[in-house]
> 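The following block contains the structure, expressed as structure tokens.
Residue indices begin at 1 and follow the sequence shown.
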Amino acid sequence: MAATVASSLQLMAARPFLSFSPGVVKAGAAILCSNPKTVLWPKLTSPCNISSLNPFRHGFRSSTVKFIKVVTKAMSESNENKPVSRLPIDLKGKRAFIAGVADDNGYGWAIAKSLAAAGAEILVGTWVPALNIFETSLRRGKFDESRLLPDGSLMEITKVYPLDAIFDNLDDVPEDIKTNKRYAGSSKWTVQEVAESVKQDFRSIDILVHSLANGPEVSKPLLDTSRKGYLAALSASSYSHVSLLKHFLPLMNPGGSSISLTYIASERIIPGYGGGMSSAKAALESDTRVLAFEAGRKHKIRVNAISAGPLRSRAAKAIGFIDMMIEYSKANAPLQKELSADEVGNTAAFLASPLASAITGAVIYVDNGLNAMGIGVDSPIFKDLNIPSDKH
């Protein structure tokens with residue numbers, strides 16, 4: 001089973017006639033710089049007590065707020081030792097399990113890095129046949145450059161668990177898999193067994209990330225997809241999410257967060273993304289809403305999905321036309337740039353944080369706005385419309 005992996009996090013809200021301290025605030029992935037001549041101290045409070053400032057003052061002028069993309073780690077600076085407005089992503093003391101990390105260039109890895117940058121402890125689940133290569137690469141330092149965090153330290157992965165999320169328990173595993181040499185030397189890798197191992201090792205987690213997908217017939221049109229291939233895509237790409245949450249939910253602390261990765265093929269036609277994968281992503285998003293209700297009511301857990309744009313990951317190359325999709329996105333999205341994995345990782349860090357405490361059952365698009373487009377503006381039909389375009 002291949003582990004696929006799903007705009008810099010901008011935690012910013014601007015209101016008319018609102019200005020901030022003369023200091024500089026680095027919060028999440030945003031710096032807020034205000035005009036020092038027009039200072040207003042708003043009082044920001046939340047159930048999580050994220051920040052509080054001096055009381056609101058009347059009779060003020062609006063000031064320009066400048067947004068600059070920076071690193072994920074939240075910091076604050078002030079020239080005058082005065083209170084500053086800040087909304088940091090602070091996940092210190094939180095523990096995350098990311099299912100579907102098998103290399104250092106996919107969305108699962110990027111999410112792990114952003115969570116680690118915010119202070120979370122990282123556990124990962126790696127597909128069994130890829131486990132040895134992944135652990136060897138970690139041990140030999142091949143991922144050290146990719147592990148670099150904004151503060152100069154290296155991301156630490158506390159433990160790597162073997163995982164094959166298409167099997168709920170050992171009774172589901174066919175004999176040919178049990179005896180397969182790629183599984184030799186590994187044990188306790190079904191979803192139930194991994195959840196039990198994590199409970200035994202750490203007792204609880206706060207964040208669960210589903211970064212898994214596989215469609216054995218993804219290159220086939222839907223009409224040419226076999227029943228076996230279609231059901232395999234749903235099993236690996238959508239039901240695995242249900243299974244993971246079912247087995248990890250008893251370990252999750254109230255207020256925790258579950259995040260999965262989806263793709264716009266769930267709701268739009270993407271020729272070439274076949275084999276039942278579009279159906280699997282649609283199921284994943286529908287399940288996200290239902291699970292948000294059930295997990296929210298029973299355990300106070302939030303469940304959301306990130307609909308990520310195309311990325312040049314090793315897993316995505318299995319589709320066969322990922323480069324074409326990236327170029328199409330750059331030509332047609334409102335933001336004409338290539339999406340980075342870190343931008344998805346930062347969004348996941350936000351969703352896992354108290355800043356997103358009222359967000360659940362949602363699909364968050366991180367695709368430079370491509371989801372909002374109704375037509376491809378790079379079509380020759382529109383050549384005379386003088387549509388703005390970034391030629392660089």
> Are the side chain of Asn332 and the backbone of Val377 linked by a donor-acceptor contact shorter than 3.5 Å?
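Yes, the answer is positive, given that a donor and an acceptor are paired below the 3.5 Å cut-off.
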> Do Glu196 and Gln200 have side-chain N/O donor and acceptor atoms under 3.5 Å apart?
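Side chains of Glu196 and Gln200: no pair found under 3.5 Å.
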> Please check: side-chain N/O of Arg302 versus main-chain N/O of Ser258, any donor-acceptor pairing under 3.5 Å?
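Not confirmed, Arg302 side chain does not pair with Ser258 backbone.
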> Roughly how far apart are Arg268 CZ and Met373 CE, rounded to 0.5 Å?
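One finds 10.5 Å between CZ of Arg268 and CE of Met373.
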> Any sub-3.5 Å donor-acceptor pair from Glu135's side-chain atoms to Asn132's backbone N or O?
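No, Glu135 side chain to Asn132 backbone: no donor-acceptor pair under 3.5 Å.
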> Would you please indicate if the ring centroids of Phe134 and Phe143 are separated by under 6.0 Å?
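Ring-ring flag for Phe134/Phe143: true, centres closer than 6.0 Å.
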> Without swapping roles, check the side chain of Arg289 against the backbone of Asn304 for a donor-acceptor pair under 3.5 Å.
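Flag not set: sc Arg289 to bb Asn304 has no pair under 3.5 Å.
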> Give a yes or no on this: more than 12 heavy atoms of other residues, nucleotides or ligands lie within 6.0 Å of atom NZ of Lys178.
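Result for NZ/Lys178: enclosed.
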> Answer with yes or no whether the hydrophobic clustering places Tyr230 together with Tyr273; edges join I, L, V, M, F, W, Y residues whose side-chain heavy atoms lie under 4.5 Å apart.
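No; Tyr273 is not reachable from Tyr230 via cluster members.
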> Within this structure, what is the CG-OG distance for the pair Asp342 and Ser114, rounded to the nearest 0.5 Å?
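Nearest 0.5 Å value for the CG-OG distance: 6.0 Å.
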> Which heavy atom in Asp104 sits nearest to a heavy atom in Ser146, and how many Å separate them?
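Distance-wise, the nearest heavy atoms are OD2-OG, 2.6 Å.
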> Is it true that Glu193 and Lys188 make a salt bridge, defined as a side-chain N closer than 4.0 Å to a carboxylate O?
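Lys188 and Glu193: not salt-bridged.
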> Heavy atoms, side chains only, cut-off 4.5 Å: are Ile259 and Leu208 in contact?
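Counting from C-beta outward, Ile259 and Leu208 never come under 4.5 Å.
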> Could you tell me if Asp201 and Tyr161 have a donor-acceptor pair between their side chains, going purely by distance under 3.5 Å?
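Per modelled atom types, Tyr161 and Asp201 side chains form a pair under 3.5 Å.
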> Is there a donor-acceptor contact under 3.5 Å linking the side chains of Ser153 and Asp151?
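Checked: Ser153/Asp151 side chains pair up, N/O donor to acceptor below 3.5 Å.
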> Side chains of His210 and Ser240: do they bring a donor and an acceptor to under 3.5 Å?
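Distance-only check passes for His210 and Ser240.
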> Does Thr288 reach the main-chain N or O of Leu284 with its side chain, forming a donor-acceptor pair under 3.5 Å?
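Yes; at least one donor-acceptor contact below 3.5 Å.
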> Tell me whether Asn368 contacts the main-chain N or O of Lys337 through its side chain, where contact means a donor paired with an acceptor under 3.5 Å.
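Confirmed, Asn368 side chain pairs with Lys337 backbone.
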> With the 4.5 Å side-chain cut-off for hydrophobic clustering, are Leu249 and Phe293 part of the same group?
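Cluster IDs for Leu249 and Phe293 differ.
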> Linking I/L/V/M/F/W/Y whenever any side-chain heavy atoms sit under 4.5 Å apart, do Ile133 and Val101 land together?
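No, separate clusters.
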> Which distance, rounded to the nearest 0.5 Å, do you find between the CD of Glu121 and the NZ of Lys94?
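Atom-to-atom, Glu121:CD and Lys94:NZ are 13.0 Å apart.
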> Would you please say whether a donor-acceptor pair under 3.5 Å links the side chains of Asn169 and Thr190?
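No - no donor-acceptor pair under 3.5 Å links their side chains.
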> Within the supplied structure, the quantity of interest is the number of heavy atoms (other residues, nucleotides, ligands) at a distance under 6.0 Å from Ile269 CD1; does it exceed 12?
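Atom CD1 in Ile269 is not crowded, with 12 or fewer foreign heavy atoms closer than 6.0 Å.
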> Measure from the side-chain N and O atoms of Thr126 to the backbone N and O of Leu131, and report whether any donor-acceptor pair falls under 3.5 Å.
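No; judged by distance alone, with no hydrogens or angles, the pair does not exist.
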> Taking side chain to side chain contact (heavy atoms under 4.5 Å, CB included) as the criterion, tell me which of Val124, Leu251, Ile122, Leu123 meets it with Phe97.
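Among Val124, Leu251, Ile122, Leu123, the one meeting side chain to side chain contact (heavy atoms under 4.5 Å, CB included) with Phe97 is Leu123.
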> Do the side-chain N and O atoms of Tyr239 and Asp287 include a donor-acceptor pair separated by under 3.5 angstrom?
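Absent: no donor and acceptor within the cut-off.
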> Short question: side chain of Lys113, backbone of Leu148 - any donor-acceptor pair under 3.5 Å?
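Yes.
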> Examine distances only and state if a side-chain atom of Ser278 and a backbone atom of Gly274 form a donor-acceptor pair shorter than 3.5 Å.
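No.
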> Working note: Phe248 + Lys199, criterion side-chain contact (heavy atoms from CB on, under 4.5 Å); need CA distance, chi angles, decisive distance, verdict.
CA-CA 9 Å; Phe248 275 86; Lys199 182 178 181 180; over 6 Å; no
> Any side-chain to backbone donor/acceptor pair from Ser266 onto Tyr263? Under 3.5 Å, distance only.
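A pair under 3.5 Å: yes.
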> Determine, stepwise, if the pair Ile177 / Phe167 fulfils side-chain contact (heavy atoms from CB on, under 4.5 Å).
CA-CA 11 Å; Ile177 295 294; Phe167 301 113; 4.2 Å; yes
> For Lys246, is there an ion pair with Glu294 - N to carboxylate O distance below 4.0 angstrom?
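Salt bridge between Glu294 and Lys246, a charged N being under 4.0 Å from a carboxylate O: no.
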> Rounded to the nearest 0.5 Å, how far does CZ of Arg147 lie from CG of Leu149?
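Going from the CG atom of Leu149 to the CZ atom of Arg147 covers 8.5 Å.
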> Quick test of your reading of the model: are Lys228 and Glu217 salt-bridged, counting only N-O distances below 4.0 Å?
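Judged by the 4.0 Å cut-off on N to carboxylate O distance, Lys228 and Glu217 do not form a salt bridge.
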> Distance from Thr262 atom OG1 to Ile364 atom CD1, nearest 0.5 Å?
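It is 12.0 Å, given to the nearest 0.5 Å.
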> Within this structure, what is the OG-NZ distance for the pair Ser238 and Lys281, rounded to the nearest 0.5 Å?
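Interatomic distance, Ser238 OG to Lys281 NZ, rounded to 0.5 Å: 8.5 Å.
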